[in-house]
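Shown next, in structure tokens, is the structure this report addresses.
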There are 2 protein chains.
Amino acid sequence: MSLRYALISLLRVGPLSGYDLQKQFQVSVGHLWHAPDSQIYPELRKMEGEGLVVGEDQARGERGTRRVYHLTEEGEAAYTRWMQDPLPYARVREPANLKAAYLEAATSDAARAFLADHIRHWRGELEQWEAELVRIDARENPMLQRRLAVTDPRDHDRTVAFKRFGYEGLVARARAEIAWGEQGQALLDSLYGPEDAHSAS
Amino acid sequence: MSLRYALISLLRVGPLSGYDLQKQFQVSVGHLWHAPDSQIYPELRKMEGEGLVVGEDQARGERGTRRVYHLTEEGEAAYTRWMQDPLPYARVREPANLKAAYLEAATSDAARAFLADHIRHWRGELEQWEAELVRIDARENPMLQRRLAVTDPRDHDRTVAFKRFGYEGLVARARAEIAWGEQGQALLDSLYGPEDAHSAS
DNA sequence: AGTATCATGTAAACTGTTACATGATTCG
DNA sequence: CGAATCATGTAACAGTTTACATGATACT
């Protein structure tokens, strides 16, 4: 359900082809709401069916075409409604915490591998988001530049501040996950001994 | 995919009827992996089809029956495999952060309502999980007691420690979400003024 | 001529949500 | 005898993932 609003977020700065949209998606709003291209094309068609966007076929070379999507007033209205309405919160469903709570059923090696993997995963995410924060501050992200180009200059700081805010939440999340993983490693050290099967070679 | 392992986590301490399982689920592992009862019954049937559990129909009164599920060796093996294998990590998909990043499209009132709601939601979750931590420490959660009853006393502390660890991660998560929401409120104050439409009555 | 990248999807399977549906038993 | 709770689902829909599938154009 959020995918369409992520797509509208991009289309609000101007028309884009499905392909461009998909590419821009990966490097901007896709950090906040991941979606593969195979989901984006059908969703655009569906949104077109509901009147939120209109697609315009453009010739490309001799035979090729590309479909450029424009946001309609109805699409803009749907976006505004989404912004004004409360977000429905889903109950938590965390595989990592589920597994962690029953880790006595794993070998200590598997437990260590699980935590190392958890930390590795979130460090990777953290890196992405921090890099994005740097690009936001420098205002060098291409979609952000296009957005600022169609925004009243008095609102530039606010626009940048909200983008920053969105990513700061994810950065905090990643840091919390990493800290939790490290806390788990300390717990394993205390339960099984610090070197546990990795000392002797 | 995690639902079945959440269910096996409970069945590992002994057989349970679908109904009991569902009830125990809500107050224990359901905090880590939410699922409605309408999902639990079909999943049990599916697991039975795959040989992970066997269901035994028991008479109840004159006409009623209840189906008691036992974990099979195959089910136990599937659980062990899940414990040993690395968890697949899904890319992030956070509606709240998505919305936050584009909050310049909302009115300041809607933005404030969104943050208040976010904080309210996570405070509620936090309360649940902290209460669960207290019950874990007191070892008074019924499923935990049943688990300890079938566990070697030398492993009791470890079992409790991992349960605690699982919930601590969620508590940290909730605290991070609340802190982020408050940071957002401060941001709104700085952008729109601290009292903004809520001062005069 | 070959490679990168532009360009767009379909199909099947899986997972999860919501609403609806029904009836039995136990306790006061 | 009425209410709580025991007991078990189905149906329809929404959302997501994965694998497959194809071909055009631009650049070197």
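Any value given below was found using the heavy atoms of this structure, including those in side chains, with hydrogens, waters and symmetry copies removed. In the text below, chain A, chain B and the rest are named by the order of the sequence lines, each starting its count at 1. Note that the structure is predicted; figures quoted are calculated from it, not measured.
Val92(A) places none of its side-chain heavy atoms less than 4.5 Å from the side chain of His34(B). Ser28(A) places a side-chain heavy atom less than 4.5 Å from the side chain of Leu10(A).
Heavy atoms of Arg4(B) sit nowhere under 4.0 angstrom from any nucleic acid atom.
Using a cutoff of 4.0 Å between basic side-chain nitrogens and carboxylate oxygens, Arg67(A) and Glu56(A) are not scored as salt-bridged. A salt bridge links Glu50(A) to Arg4(A): one of the charged nitrogens lies within less than 4.0 Å of a carboxylate oxygen. With respect to Asp20(B) and Lys23(B), no salt bridge is recorded, no charged nitrogen being found less than 4.0 Å from a carboxylate O. We find that Asp117(A) and Arg112(A) are not joined by a salt bridge, their nearest charged nitrogen and carboxylate oxygen being 4.0 Å or further apart. A salt bridge between Glu94(B) and Arg173(A) is present, with a side-chain N of the basic residue lying under 4.0 Å from a carboxylate O of the acidic one.
DNA chain D is contacted by Ser38(B), Tyr41(B), Pro42(B), Arg45(B) of residues 30-45 of chain B, taking any non-hydrogen atom closer than 4.0 Å.
Interface limits on DNA chain D: the 5'-most and 3'-most nucleotides within less than 4.0 Å of chain B heavy atoms are dT5(D) to dT17(D).
Per the geometry, CZ belonging to Arg66(B) stands 13 Å off P belonging to dT25(C), to the nearest Å. Regarding Lys23(A), its NZ atom lies at a distance of 11 Å from the C1' atom of dA4(C), rounded to whole Å. The nearest whole Å value for the distance from the CZ atom in Arg67(B) to the C1' atom in dA24(C) is 18 Å. Atom CG in Leu16(A) sits about 15 Å away from atom C1' in dC6(C), given to the nearest Å.
Mapping Val68(B) and Lys46(A) onto DNA chain D by nearest heavy atom places Val68(B) at the nucleotide closer to the 5' end.
Between Trp33(A) and Phe25(A), the ring centre distance reaches or exceeds 6.0 Å.
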